[in-house]
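The block underneath contains the structure these notes are about, expressed in structure tokens.
So you know, we letter chains A, B, ... as the sequences are listed, proteins then strands, and number each from 1.
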Number of protein chains: 2
Amino acid sequence: MEYSNFFKSLTDKEISYLKSISKIKEKKEGDIIFWEGDDPKYTFFLIEGVVKIYKTSNNGNDITLNYILPPSFIGEFAVIKGMKYPISAEMESNGRLIVFETKGLTKFIEKNKNFMREIIIYLANKIEKNYSYCEDLMEKNAKKKVAKFIKEHEDLFFSLKHTKIASILNITPETLSRTLRELKNEGLIVERKIVKINKNKLESLLND
Amino acid sequence: MEYSNFFKSLTDKEISYLKSISKIKEKKEGDIIFWEGDDPKYTFFLIEGVVKIYKTSNNGNDITLNYILPPSFIGEFAVIKGMKYPISAEMESNGRLIVFETKGLTKFIEKNKNFMREIIIYLANKIEKNYSYCEDLMEKNAKKKVAKFIKEHEDLFFSLKHTKIASILNITPETLSRTLRELKNEGLIVERKIVKINKNKLESLLND
DNA sequence: CGATACATTGAACAAATTCAAAGCTGGTGG
DNA sequence: CCACCAGCTTTGAATTTGTTCAATGTATCG
């Protein structure tokens, strides 16, 4: 809610300018934020929920390229480059966005050196996150892939549907299901009434 | 060679400052640019050749996270964040780098708004490239993966060794070899004395 | 002429996908 | 309150695809 939590280098006056060129919007699972090909007239900043970035291939299959967790801009690179979004973005869960008018935002960045610095660091962070996401993608072993996801995103593991998790991991729901069964059989995940996680065993699987 | 080709927003004076805090270095295939864990005392800018970004997993296997083509910084995000490099970088071919003293460079960026703007756009570009690289990673079908690589990097396809290409694509050399044979059999690649590419068929494979 | 590094091939194997079917679960309407 | 439907999840069997490992080819460079 509080813009100042996300944009730390800004003065009250600057924050209130940002508020004047933006709105907070509630979104539901499945809502589209933008489609591939849209003009970046608006710039989106995720403050709550999970967003999937994807491309639709020629045969109609969606390929998940990334998923975004708050706080984060969505598709900021297209905004900066002034190009149409080359990707689509969809809510994977309910959530909230700040929707900026791109024109006002870019004008603001242009004028404000502190904010430029903040943006540079923000972009560097994003690049780092993308590398670590790539690292996860490169893992071909489904068991490790799932274990990693649970370790890094315990909250999402419990809140997202299995189909969504599978899509994030680029595996089939069937594989996810079978993998979870294995993890349970091996005691990496304990299922009572409630599913629990055995962090030690998880850790040691990832360390071999 | 000419710094002004890479850093377009800068004046002659600024360029000569950059020259004063950097050196151009020749590199050979296999040379390490930095290791995971190194301090980013120097900042590297690739002007010729191909660089592989990778992590070494606990069991000793290298996982290629990205490959970098000139002109581009290498591991700039760690420099900006002031963290140790979380990845390693290695030359996949002979090439040339500009090696900056990080301190001088960051001081310069800090002072120069035009350059900050240039850096922001540069970082946005990098993020975009990383997405498209992810898209390639996501392709699980080796035939399409190789076809895409040939289409997008015809030059690299002819200049890099097959082991290097395989490592970039995260497949085994054996799979690459078999895949190329298939592509030849199917006429997507024509081999006379010289290997040629049938762009139409390549294109239509990617379009299904 | 080796020698060394790179490339290809074959066979066995491992792992995920596909497709079809069956199980669950939560919500709706009678 | 029960019956039924829709959406998700799980299971099984067959199949596909890439990997592994070992062996054989091939080329280039002293």
For [X] and [N], what is the distance between atoms [atom1] and [atom2] respectively, to the nearest whole Å?
X	N	atom1	atom2	result
A:K144	C:dA16	NZ	C1'	16 Å
B:E92	C:dC6	CD	P	12 Å
B:I171	D:dT16	CD1	P	21 Å
B:K164	C:dA5	NZ	P	13 Å
A:L169	C:dA15	CG	P	18 Å
A:H162	D:dC8	NE2	P	13 Å
A:E182	D:dT11	CD	P	12 Å
B:F157	C:dA7	CZ	P	11 Å

Touch class at under 4.0 angstrom, heavy-atom based, for A:R181 against every strand present: sugar-phosphate
Sugar-phosphate only, base, or nothing, as touched by A:L176 at under 4.0 Å among non-hydrogen atoms: nothing
Pi-cation contact, B:F73 with B:K126 (under 6.0 Å, within 45°): no
So, OP1 or OP2 of [N]: does either fall under 4.0 Å of a side-chain N or O from [X]?
X	N	value
A:S177	D:dT9	no
B:T175	D:dT19	yes
A:T163	D:dC8	no

Polar contact flag, side-chain donor to acceptor under 3.5 angstrom, B:K55-B:S88: no
5′-ward residue of the pair A:A142/B:P173 relative to DNA chain C: B:P173
DNA chain D: 5'-proximal contact among A:K140 and A:R178 (nearest heavy atom): A:R178
Under 3.5 Å donor-acceptor, A:S159 side chain and A:D155 backbone: yes
Heavy-atom neighbours of B:F149 CZ exceed 12 at 6.0 Å: yes
Enclosure of B:K23 NZ (heavy-atom neighbours >12, cutoff 6.0 Å): no
Closest listed nucleotide, where the reference is the side chain of B:E174 and the choices are D:dT19, C:dA16, C:dT9: C:dT9
